[in-house]
Chemist: 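This is the structure I want to talk about, given as structure tokens.
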Amino acid sequence: MCRVVLKWLVMTNLTYPDPLGDGVISVRPWRDSDLPCVEQASQDPRIPQGTTVPVHYTPEAGLAYIARQHARLTSGQGWSLAIARQDTDEAVGHINLMLRPQQGVAGIGYWIVPAARRQGIGSRAIALMTAWGLGAGNFARIEAWVEPDNHASQQVLEMNGYLLEGKLRSFLDFGTRRADVLVYSRITSDAEG
Ligand SMILES: CC(C)(COP(=O)(O)OP(=O)(O)OC[C@H]1O[C@@H](n2cnc3c(N)ncnc32)[C@H](O)[C@@H]1OP(=O)(O)O)[C@@H](O)C(=O)NCCC(=O)NCCS
């Protein structure tokens, strides 16, 4: 029992990994200079719904969003990182790995600004974050919750070896509506994506 508590305390003392990269994109901590990325995300119909990206963008609201991402680390909730083009360091998206209450389980979430979609960036970021999470991050399972009509998100997960486990009905509360979610997961013993 003590060992479990100790392990939990160690897990909540989080630090950022060294930037992850594959030659095309990098996954790194958010910077205040990434505001244009937050502004573009706020204009997307889906992103502000399921995240804390401001619906009405102002520089102050954007900076508060970036501060919230760092707070997720310092409060021990997980890692919330920017996705950037490796050549220019321009931020074009977001990916996070958040601790679930179950030991060794994390949830993954992500978005890419509309202008940078269909360039392989989302799937690359999921590949980097998943490899880190199941490797150095020491998680046994990474799971994703996806709305049934979000085929793009389902596709990028499947490309990365995530398996569909089932549907949780009326699981998420979006304020004005409740949504079913499909549960996807990758565990350490799954084949490479
Ligand atoms: C889901 C999302 C992150 C995908 O990011 P992306 O960088 O555009 O994805 P990729 O370029 O890596 O796509 C890889 C493949 O997935 C499939 N795919 C991606 N977007 C698709 C779409 N809109 N429709 C159909 N297939 C799609 C394609 O097969 C694509 O390969 P191709 O472009 O060579 O055909 C992005 O659409 C997004 O940010 N959506 C809004 C936020 C969101 O839904 N986040 C997830 C919540 S669970």
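Remember, it's 1-based here, ligands and their atoms both numbered in the order they're listed.
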Chemist: Using heavy-atom distances only, which candidate in R118, Q155, Q119 approaches atom 24 (N) of ligand 1 most closely?
Modeler: R118

Chemist: Looking only at N/O atoms, are Y110 and ligand 1 under 3.5 Å apart anywhere?
Modeler: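 Among all N and O atoms of Y110, at least one is under 3.5 Å from an N or O of ligand 1.
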
Chemist: Please determine whether any non-hydrogen atom of H151 lies less than 4.0 Å from an atom of ligand 1.
Modeler: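 No, H151 has no heavy atom closer than 4.0 Å to ligand 1.
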
Chemist: Are R124 and ligand 1 in contact, using a heavy-atom cut-off of under 4.0 Å?
Modeler: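 In this structure, R124 fails to qualify as a contact of ligand 1 - no heavy atom is under 4.0 Å.
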
Chemist: Is it the case that ligand 1 has an N or O less than 3.5 angstrom from some N or O of A116?
Modeler: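 By distance alone, the answer is no.
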
Chemist: What part of I112 sits under 4.0 Å from ligand 1 if we count only heavy atoms: the side chain, the backbone, both or neither?
Modeler: both

Chemist: Test your reading of the structure: does M159 have an N or O sitting under 3.5 Å from an N or O of ligand 1?
Modeler: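 No, no N or O pair falls under 3.5 Å.
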
Chemist: Mind jotting down which residue pairs meet the ring-ring contact (aromatic ring centres under 6.0 Å, His included) criterion with at least one end in residues 107-133? Sequence neighbours excluded, please.
Modeler: W79-W132, H94-W111

Chemist: Answer with side chain, backbone, both or neither: which part of R46 has a heavy atom less than 4.0 angstrom from an atom of ligand 1?
Modeler: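 Under 4.0 Å from ligand 1, R46 contributes side-chain atoms alone.
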
Chemist: Non-hydrogen atoms of G50 versus ligand 1: any pair closer than 4.0 Å?
Modeler: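 G50 does not count as a contact of ligand 1 under the 4.0 Å cut-off.
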
Chemist: Would you call E165-R141 a salt bridge at under 4.0 Å N-O?
Modeler: yes

Chemist: Check S42 against Y57 and note the closest heavy-atom contact, atom names and distance.
Modeler: OG-CB, 3.3 Å

Chemist: Sequence neighbours excluded, which residues qualify as salt bridge (charged side-chain N to carboxylate O under 4.0 Å, His left out) partners of R31?
Modeler: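 Salt bridge (charged side-chain N to carboxylate O under 4.0 Å, His left out) list for R31, sorted by chain: D89.
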
